Amino acid sequence: MDFSILAEAFDRMTKTSSRTELTAILVEVLKKTPKSLVSKVSYLTQGKLFPDFLGIEIGMAEKTVSKAIGKAYSFEADRIQELFRKTGDLGDVAAELSSKKSQQRLSSGKLTVESVYSTLEEIAKTSGSGSSVVRVNKLAMLLDSASSLEAKFLVRFVTGKLRLGVADFTVLDALAVTFTDDKKNRDKLENAYNLTSDLGYVADLLANKGLKAIGAVRVTASKPVRPMLAERMETAELIISQMNHEAAAEYKLDGERVQAHKVRSGEVTLFSRRLEQITDQYRDVVEGLGSLPAKEFIVEGEVVAIDWEGKYLPFQELMHRRRKYDLDAAMKNYPVVLNLFDVLLVDSHEVIEEPYEKRRAVLEKLFEGAKTKNNMMLVPAKKVKDASEIDALMEVSLASGCEGLVVKNLESSYKAGARGYAWIKYKPEYRPGVRDTIDLVVVGANHGMGRRAGVYGAFLLAAYDDEADVFRTTTKVGTGFSDADLEKISRELDAHKTKEKSPRVDAKVEAEVWFEPKVVMEIIASEITLSPIYTAGLDQIRQGAGFALRFPKFTGKIRDDKAPEDSTTVKELMEMYQKQVRQLKKEELETAES
DNA sequence: GTCCTGAAAGAAC
DNA sequence: TTCTGACAAATTCGG
DNA sequence: CCGAATTTGTCAGAAGTTCTTTCAGGAC
């Protein structure tokens with residue numbers, strides 16, 4: 001199958017945003033695709049080579065791909081980066097350079113889907129010393145024999161920014177229409193996808209074995225299930241009425257989600273949220289899990305870092321456990337607990353379809369029967385009937401170092417892969433007007449990419465140090481802006497553009513464009529963290545660390561009424577940092593819970 | 001050759 | 001993780 | 001009661017901090 005068929009279809013897709021039209025184009029392609037290639041075409045349109053859980057990555061992104069483009073079309077990498085800044089899309093840069101070069105090219109070998117896929121696979125599987133050059137060369141060769149349209153999508157694919165307006169669900173729609181002539185069958189496909197987490201597999205199964213085989217897909221221990229997700233809501237009142245005035249509220253822990261599988265041979269495997277194997281990282285929770293009284297099971301929980309007293313620690317601490325080497329030392333230095341909150345399968349009984357209350361009961365019974373409960377506990381859960389109960393529990397959860405609550409519908413089954421209102425997450429920063437906002441000065445910016453080409457996509461912000469009369473950086477922000485905001489702010493800032501970083505700005509990070517500190521933005525964030533790269537409050541809490549913001553977002557307000565010197569000061573950031581370090585002792589927690 | 005450092009990529013939230 | 005924008009589907013409104 | 005207008009829901013793609021790993025390239 002010629003790769004040009006795919007490239008042309010992709011090109012047509014980028015020109016529309018209508019989902020129905022997008023599916024129609026995909027259907028056309030799938031109809032032209034030989035059955036043996038359906039799975040590969042599915043992966044490719046998802047922007048992948050393999051399902052996530054295999055953890056095979058291309059290993060090339062912006063910088064490396066720029067080199068390959070340079071090599072293929074004889075251009076300096078710097079020049080390419082420069083074009084990239086302007087267009088916001090490396091694929092478009094490649095297409096342009098390719099068409100310039102095409103007159104000189106003697107012959108371009110025809111690319112097929114098979115050959116492209118296998119070269120990309122080789123790229124992904126290359127490793128070791130010298131591999132960078134090999135990657136660049138392989139991609140350059142592909143580009144060299146590609147048409148400009150093909151080059152565009154090869155580059156977009158490799159950088160992980162296909163930008164077709166199509167992802168998993170649209171592919172499923174298209175598969176349903178292509179092979180069953182009925183879009184309604186997408187539900188069945190979706191179910192199979194959620195249980196196998198492998199779109200290419202589902203596509204292949206449908207194309208070659210038919211809908212019956214799809215219906216036969218079951219939850220299986222050792223095969224990761226796409227995790228159920230929660231929708232967010234702003235107030236306890238909204239949540240409780242959504243839940244019909246009865247629900248279970250659980251602490252929302254600030255750690256890493258884990259899906260644990262045990263098979264009949266006794267082996268326990270841990271999967272991350274993106275379903276990669278992380279068993280080795282959390283060996284210390286495997287022992288307890290293995291002792292749960294069941295031959296096979298799938299359970300879910302959140303691993304959280306704890307201190308010597310067993311109190312929850314911030315996410316940053318847990319990050320030290322995301323490693324491959326020095327595991328024994330890490331286990332000692334950064335102990336964790338696995339907090340169980342759900343069960344999907346026990347001894348070939350699929351509890352995934354059971355309502356929450358039933359699943360919770362099964363989970364509790366499993367847990368009670370465990371021989372060793374080391375590093376393992378149940379997520380605290382409580383039935384709630386009104387908003388005040390939710391808010392009260394929220395306070396306790398925050399005081400114990402959690403992020404908030406997840407409120408769960410008592411009747412709902414486990415909806416794999418779905419974000420819906422059966423689970424609702426509730427964090428303090430969602431509540432309008434409750435969380436403190438911060439006013440920060442814009443000192444730099446980066447050019448926007450993709451749909452944000454032509455305006456700035458993110459701004460570098462600083463707090464005011466009134467003692468030194470200097471602006472010290474503390475975060476970048478790139479979310480919360482409407483298109484119009486971005487347009488307006490970008491133009492306004494252009495008036496304050498400087499050639500160099502202003503001497504009044506203290507920054508370790510680079511910005512593509514620097515500004516005179518003038519414009520003040522209102523920002524809201526979920527937390528202040530200790531940062532290795534930002535300079536606000538540097539060394540004040542810990543040597544070498546400043547303050548940064550976690551999940552910063554623009555509130556929509558430009559503070560025209562504030563001079564840059566009136567913005568939030570470094571001292572105030574420090575006070576806010578200290579205020580958030582609050583944790584109840586264990587006994588206090590228990591009394592609050594009951 | 002070996003060791004160190006820094007840039008790039010990827011994945012958790 | 002957060003956020004906005006564009007459709008599509010569902011629901012309400014007005015003649 | 002029907003078609004138009006409005007609301008709601010779903011999907012995709014912009015963007016954040018921080019941590020570890022991998023590899024290139026320089027120093028010795």
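Please read all numbers here as calculations on a predicted model, not as lab measurements. For the numbers below, each heavy atom of this structure counts, side chains included, while hydrogens, waters and symmetry mates do not. Each chain gets a letter, A, B and so on, in the order the sequences are listed, and its residues count up from 1.
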> Given Tyr414(A) and Glu300(A), is the side chain to side chain donor-acceptor pair (under 3.5 Å) satisfied, shown in steps?
Replying inline: CA-CA 11 Å; Tyr414(A) 185 97; Glu300(A) 269 193 346; 2.9 Å; yes
Find every protein N or O atom lying less than 3.5 Å from an N or O atom of nucleotides 8-11 of chain C, and list the pairs.
unit_1	atom_1	unit_2	atom_2	d
dA8(C)	OP1	Ser18(A)	OG	2.9
dA8(C)	OP1	Arg19(A)	N	3.4
dA8(C)	OP1	Thr20(A)	N	3.2
dA8(C)	OP1	Thr20(A)	OG1	2.6

> From the 5' end of DNA chain D to its 3' end, which nucleotides mark the outer limits of contact with chain A, defined by a 4.0 Å heavy-atom distance cut-off (strictly under)?
Replying inline: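 Extent of the interface on DNA chain D: dC11(D) to dA24(D).
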> When Lys476(A) is tested against each of Val509(A), Leu461(A), Asn446(A) for side chain to side chain contact (heavy atoms under 4.5 Å, CB included), which residue passes?
Replying inline: Asn446(A)
[X]: ring-ring contact (aromatic ring centres under 6.0 Å, His included) partners, not counting sequence neighbours:
X         : result
Phe157(A) : none
Phe153(A) : Phe10(A)
Phe471(A) : Tyr464(A)
Tyr193(A) : none

> Quick one: are Ile25(A) and Val27(A) in side-chain contact, heavy atoms under 4.5 Å?
Replying inline: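 Not touching, per the 4.5 Å side-chain cut-off.
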>> Can you work out whether Glu190(A) or Gly128(A) has the more 5'-proximal nearest nucleotide on DNA chain D?
In response: Glu190(A)
> Once you build an axis from the first five pairs and another from the last five of the helix from dG1(B)-dC28(D) to dC13(B)-dG16(D), how far apart in angle are they, to 10 degrees?
Replying inline: 0°
>> Evaluate Tyr456(A) against Glu487(A) for side-chain contact (heavy atoms from CB on, under 4.5 Å), listing each step before the verdict.
In response: CA-CA 8 Å; Tyr456(A) 298 118; Glu487(A) 180 70 34; over 6 Å; no
> Using a cut-off of 4.0 Å on non-hydrogen atoms, how would the nucleic acid contact of Arg257(A) be classed: base, sugar-phosphate, or nothing?
Replying inline: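 Sugar-phosphate: the residue Arg257(A), judged by heavy atoms under 4.0 Å, touches backbone atoms but no base.
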>> Need one value for Lys252(A): base, sugar-phosphate or nothing, where a base atom within 4.0 Å counts as base even if backbone is also close, heavy atoms only.
In response: nothing
> Can you find a side chain N or O atom of Lys427(A) that sits less than 4.0 Å from OP1 or OP2 on dT1(C)?
Replying inline: no
> Knowing that exactly one of Asp254(A), Thr475(A), Thr529(A) qualifies, which makes a side chain to side chain donor-acceptor pair (under 3.5 Å) with Arg550(A)?
Replying inline: Asp254(A)
> Given the side-chain rings of Phe547(A) and Tyr534(A), with only the six-membered ring counted for Trp, is the space between their centroids under 6.0 Å?
Replying inline: no
>> Using the rule given for side-chain contact (heavy atoms from CB on, under 4.5 Å), can you reason through Asn191(A) versus Lys188(A), listing the C-alpha separation, both sets of side-chain angles and the distance that settles it, and then say yes or no?
In response: CA-CA 5 Å; Asn191(A) 188 250; Lys188(A) 290 180 192 157; 5.7 Å; no
> How far apart are the C-alpha atoms of Leu120(A) and Leu49(A), what are their side-chain angles, what is the distance that settles it, and do they pass the side-chain contact (heavy atoms from CB on, under 4.5 Å) test?
Replying inline: CA-CA 8 Å; Leu120(A) 292 174; Leu49(A) 249 20; 3.9 Å; yes
> When you measure from every atom of DNA chain D, which of residues 535-551 of chain A have a heavy atom less than 4.0 Å away?
Replying inline: Ala548(A), Leu549(A), Phe551(A)
>> Does anything in residues 436-449 of chain A come within less than 4.0 Å of DNA chain D? Heavy atoms only, and list the residues if so.
In response: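 Correct list: Gly448(A), Met449(A).
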> Between which nucleotides of DNA chain B, read 5' to 3', does contact with chain A run, using atoms under 4.0 Å from its heavy atoms?
Replying inline: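 Listed 5' to 3', the contact boundaries are dA8(B) to dC13(B).
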Only distances under 3.5 Å count here; give the side-chain donor-acceptor pairs of residues 64-71 of chain A to other protein atoms, sequence neighbours excluded, each with its distance to 0.1 Å.
unit_1	atom_1	unit_2	atom_2	d
Ser66(A)	OG	Glu62(A)	O	2.8
Ser66(A)	OG	Gln81(A)	NE2	2.8
Lys71(A)	NZ	Asn137(A)	OD1	3.1

>> So that I can tick it off, tell me whether Lys425(A) and Glu231(A) are bridged by a salt bridge, with the cut-off set at under 4.0 angstrom between side-chain N and carboxylate O.
In response: no
Return a table of donor-acceptor pairs under 3.5 angstrom between the side chains of residues 323-334 of chain A and protein atoms on other chains or two or more places apart.
unit_1	atom_1	unit_2	atom_2	d
Arg323(A)	NE	His320(A)	O	2.9
Arg323(A)	NH1	Tyr325(A)	O	3.1
Asn333(A)	ND2	Ala329(A)	O	3.3

